[in-house]
S.K.: 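Structure provided below as structure tokens; questions to follow.
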Amino acid sequence: VMIQEFKDKQSIVGKVGKDELYTYKKENLLALTKAIAKSYDEHYAEKFFGTQTYLSFEKNVLYKLLANLEDKSLAIDLGCATGVVAYNIATQFEKVIGYDISPEMIKIANGKKNGQKADDLKFIKTDLEEGIDIKDESVSLAVMNLGTASDIRNIKGVIESVRKSLKYGGKFLFSFHNSESLFAKMGFLPWPMSLAAHIDPETCCLEVFCDGQVYFLYTKPYSVDEVRALIEGSGLEIEEISTFPTCASVLPNILLEEVGNEEPHKPNKEVRKVIEKIDNELANSSINSGTYIIVTGEKPVA
């Protein structure tokens, strides 16, 4: 039903304009977050090896960035969902603020506080498209993970807001969907992907699968060159760009699991280690074929 509803909406874009379709995708986003908020932390990447490896890789990139950050007064988590990143870094900062469009996600994030003072760790319902209500040159670190930068139509405006909010020497991590990923180059896979969400080249949107439903969300994949132009054009300075995962996102489960008579099949740990090692080697290579683009850097000292 949802697939047909989406195609019906998509078919009238030329008549009513793209804004109606964008509104529909935002409604899908709110419906999805409402459906998964309570189980998000425990089950989001549970069955998807590609997503699991990406989250691990992204976490390592973030911690590497933090190791070179001197000022740790305030961090902001843009598109924070249930606050996983915010809670992971909360002990390293005097204050952390998470922003998300979903009231259900914000409620879960606020409900996980365990002894943290209200002013030290807070979560605010915000549509990032409408700007970030934060003081200029007050932020030490800005994070937008798990492809969120591609999920915002006015990402150029959001990046400009981040630039203004960052202190000189403040760091950032943005994650985009990669338009030149291996999957994008292949165009079609005859088996399910090992990612919790992926971009459908036919519908040109992010498809997220949850409890038998398919949700269609706005997304715009970028190439590495386009990401570089976006960041450098804003006045921010890039330290590193990587893409990840390349192989894990396109391999069939028959290679990732110990196939036998038992259901569900057990993960094939040895094979997964090899694939993850290969993807780590490819992350900073010139082929730039990972599913996500992760870019880190800083606001240069004036």
Side-chain angles (χ1 to χ4, degrees), residues 22 25-26 28-29 32-33 44 51 54-55 57-62 65 75-81 83-86 89 97-102 105 126-132 134 139 141-166 170-181 183-184 195-199 204-208 216-245 249 283 288-299:
Y22 179 70
K25 291 176 181 179
K26 187 171 284 190
N28 265 230
L29 172 62
L32 171 65
T33 54
Y44 175 69
T51 300
Y54 173 74
L55 291 172
F57 178 84
E58 185 185 72
K59 187 174 182 179
N60 289 336
V61 173
L62 176 58
L65 190 67
I76 57 175
D77 182 3
L78 305 174
C80 65
V84 173
V85 171
I89 64 176
I97 304 174
Y99 300 89
D100 200 276
I101 193 174
S102 168
M105 290 291 197
T126 301
D127 186 344
L128 296 177
E129 293 274 7
E130 298 173 2
I132 310 164
I134 198 162
V139 174
L141 172 73
V143 178
M144 191 181 296
N145 80 320
L146 197 58
T148 300
S150 278
D151 301 338
I152 299 170
R153 185 163 60 170
N154 182 27
I155 188 58
K156 188 174 182 180
V158 174
I159 293 173
E160 174 61 16
S161 294
V162 168
R163 185 194 65 78
K164 289 180 179 179
S165 70
L166 281 174
K171 305 283 187 178
F172 66 84
L173 181 152
F174 297 139
S175 173
F176 296 80
H177 292 278
N178 184 10
S179 65
E180 299 177 321
S181 69
F183 172 68
L195 297 169
H198 72 273
I199 298 172
C204 298
C205 68
L206 188 70
E207 291 187 0
V208 182
F216 301 92
L217 314 183
Y218 173 84
T219 196
K220 179 182 177 181
Y222 294 84
S223 68
V224 167
D225 286 344
E226 288 171 332
V227 168
R228 192 183 304 277
L230 265 175
I231 302 301
E232 293 179 344
S234 73
L236 294 173
E237 189 173 277
I238 295 173
E239 292 182 358
E240 184 177 63
I241 295 183
S242 52
T243 71
F244 192 93
S249 59
N288 294 327
S289 290
T291 299
Y292 295 93
I293 299 171
I294 308 99
V295 54
T296 60
E298 69 174 15
K299 181 175 179 178

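Model, not experiment: these values are computed from the prediction. As a basis for the values below, the full set of heavy atoms in this structure was taken, side chains included, without hydrogen atoms, waters or symmetry mates.
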S.K.: Taking only residues two or more places apart in sequence, or in another chain, which ones meet Y99 in a ring pair (Phe, Tyr, Trp, His ring centres under 6.0 Å)?
M.R.: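 Expected list: none.
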S.K.: Test of understanding: with salt bridge (Lys or Arg N to Asp or Glu O under 4.0 Å), list the residues that count as partners of E226, not counting sequence neighbours.
M.R.: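 For E226, no residue satisfies salt bridge (Lys or Arg N to Asp or Glu O under 4.0 Å) once neighbours in sequence are set aside.
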S.K.: For A86, what residues pass the side chain to side chain contact (heavy atoms under 4.5 Å, CB included) criterion, not counting sequence neighbours?
M.R.: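 Side chain to side chain contact (heavy atoms under 4.5 Å, CB included) list for A86, sorted by chain: D77, V96, L121, F123.
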S.K.: Output all residues satisfying side-chain hydrogen bond (donor to acceptor under 3.5 Å, both in side chains) with E129, sequence neighbours left out; order by chain, then residue number.
M.R.: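 Partners of E129 by the side-chain hydrogen bond (donor to acceptor under 3.5 Å, both in side chains) criterion, ordered by chain and then number, come out as Y22.
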S.K.: Would the distance check show the side chain of N178 and the main-chain N or O of I293 forming a donor-acceptor pair, the cut-off being under 3.5 Å?
M.R.: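 Flag not set: sc N178 to bb I293 has no pair under 3.5 Å.
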S.K.: In chain order, what residues pass the ring pair (Phe, Tyr, Trp, His ring centres under 6.0 Å) check against Y292, with sequence neighbours excluded?
M.R.: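 By the ring pair (Phe, Tyr, Trp, His ring centres under 6.0 Å) rule, Y292 matches Y54, H177.
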S.K.: Let me see the working for I241 and I231 under side-chain contact (heavy atoms from CB on, under 4.5 Å), right down to the final yes or no.
M.R.: CA-CA 11 Å; I241 295 183; I231 302 301; over 6 Å; no
S.K.: Residues in side-chain hydrogen bond (donor to acceptor under 3.5 Å, both in side chains) with E232, at least two apart?
M.R.: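 Expected list: none.
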S.K.: For K299, check salt bridge (Lys or Arg N to Asp or Glu O under 4.0 Å) against everything at least two apart and list the hits.
M.R.: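 Once residues adjacent in sequence are excluded, K299 has no partner under the salt bridge (Lys or Arg N to Asp or Glu O under 4.0 Å) criterion.
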S.K.: Roughly how far, to the nearest 0.5 Å, is CZ of F244 from CD1 of I294?
M.R.: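 Answer rounded to 0.5 Å: 8.0 Å.
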S.K.: Using every non-hydrogen atom in the two residues, find where A142 and V162 come nearest and quote the distance to one decimal.
M.R.: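 Looks like CB-CG1, 3.7 Å.
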S.K.: What pairs with S181 under side-chain hydrogen bond (donor to acceptor under 3.5 Å, both in side chains), at least two apart in sequence or on another chain?
M.R.: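 Not a single residue meets the side-chain hydrogen bond (donor to acceptor under 3.5 Å, both in side chains) criterion with S181.
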S.K.: Could you work out, with salt bridge (Lys or Arg N to Asp or Glu O under 4.0 Å) as the rule, every residue matching K26, not counting sequence neighbours?
M.R.: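 Here the qualifying residues are D127.
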S.K.: Under 4.5 Å between any side-chain heavy atoms of K59 and L55, yes or no?
M.R.: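 No - every pair of side-chain heavy atoms lies 4.5 Å or more apart.
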S.K.: Should L230 and F174 be marked as a side-chain contact (heavy atoms from CB on, under 4.5 Å) after you check the CA-CA gap, both sets of side-chain angles, and the distance that decides it?
M.R.: CA-CA 11 Å; L230 265 175; F174 297 139; over 6 Å; no
S.K.: Quick one: does T296's side chain have a donor or acceptor within less than 3.5 Å of a partner on L173's backbone?
M.R.: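 Checked: no pair found.
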S.K.: Scan for salt bridge (charged side-chain N to carboxylate O under 4.0 Å, His left out) pairs involving residues 141-158, sequence neighbours excluded, and state none if there are none.
M.R.: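 Those involving residues 141-158 are D19-R153.
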S.K.: Please evaluate residues L62 and L141 with respect to the criterion side-chain contact (heavy atoms from CB on, under 4.5 Å), reporting the C-alpha separation (whole Å), side-chain torsions for both, the decisive distance (0.1 Å), and the verdict.
M.R.: CA-CA 10 Å; L62 176 58; L141 172 73; 4.2 Å; yes
S.K.: Backbone N or O of L146 within a donor-acceptor pair of the E58 side chain at under 3.5 Å?
M.R.: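 Here the side-chain-to-backbone pair exists.
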S.K.: Determine yes or no for a side-chain-to-main-chain donor-acceptor pair under 3.5 angstrom, with S223 supplying the side chain and S179 the backbone.
M.R.: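 Not confirmed, S223 side chain does not pair with S179 backbone.
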S.K.: As an exercise, state the distance from CG of N154 to CD of E130, rounded to the nearest 0.5 Å.
M.R.: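 Rounded to the nearest 0.5 Å, the CG-CD separation comes out at 11.0 Å.
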S.K.: Identify the two heavy atoms, one from F172 and one from L65, that lie closest to each other, and give their separation to 0.1 Å.
M.R.: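 Closest approach of F172 to L65, heavy atoms only: O-CD2, 3.4 Å.
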S.K.: Quick one: are T148 and L78 in side-chain contact, heavy atoms under 4.5 Å?
M.R.: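 The answer is no; the side chains never approach within 4.5 Å.
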S.K.: I'd like to check the salt bridge (Lys or Arg N to Asp or Glu O under 4.0 Å) partners of E240; sequence neighbours left out, ordered by chain and number.
M.R.: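 Partners of E240 by the salt bridge (Lys or Arg N to Asp or Glu O under 4.0 Å) criterion, ordered by chain and then number, come out as K64.
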S.K.: To the nearest 0.5 Å, tell me how far I132 CD1 sits from S165 OG.
M.R.: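 Spacing of CD1 (I132) from OG (S165) equals 5.5 Å.
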S.K.: Looking at side-chain heavy atoms only, is the closest gap between L29 and Y218 below 4.5 Å?
M.R.: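 The answer is no; the side chains never approach within 4.5 Å.
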S.K.: Any chance you could measure F216, atom CZ, to L32, atom CG, to the nearest 0.5 Å?
M.R.: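 Going from the CZ atom of F216 to the CG atom of L32 covers 12.0 Å.
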S.K.: Rounded to the nearest 0.5 Å, what separation is found between the OG1 atom of T33 and the CD1 atom of I101?
M.R.: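 The CD1 atom of I101 is 8.0 Å from OG1 of T33, to the nearest 0.5 Å.
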S.K.: Going by the rule side-chain hydrogen bond (donor to acceptor under 3.5 Å, both in side chains), which residues pair with T243 if we only count those two or more places apart in sequence or in a different chain?
M.R.: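 Expected list: none.
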S.K.: Working to the nearest 0.5 angstrom, can you tell me the gap between M144 CE and S175 OG?
M.R.: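 M144 CE to S175 OG: 10.0 Å, rounded to 0.5 Å.
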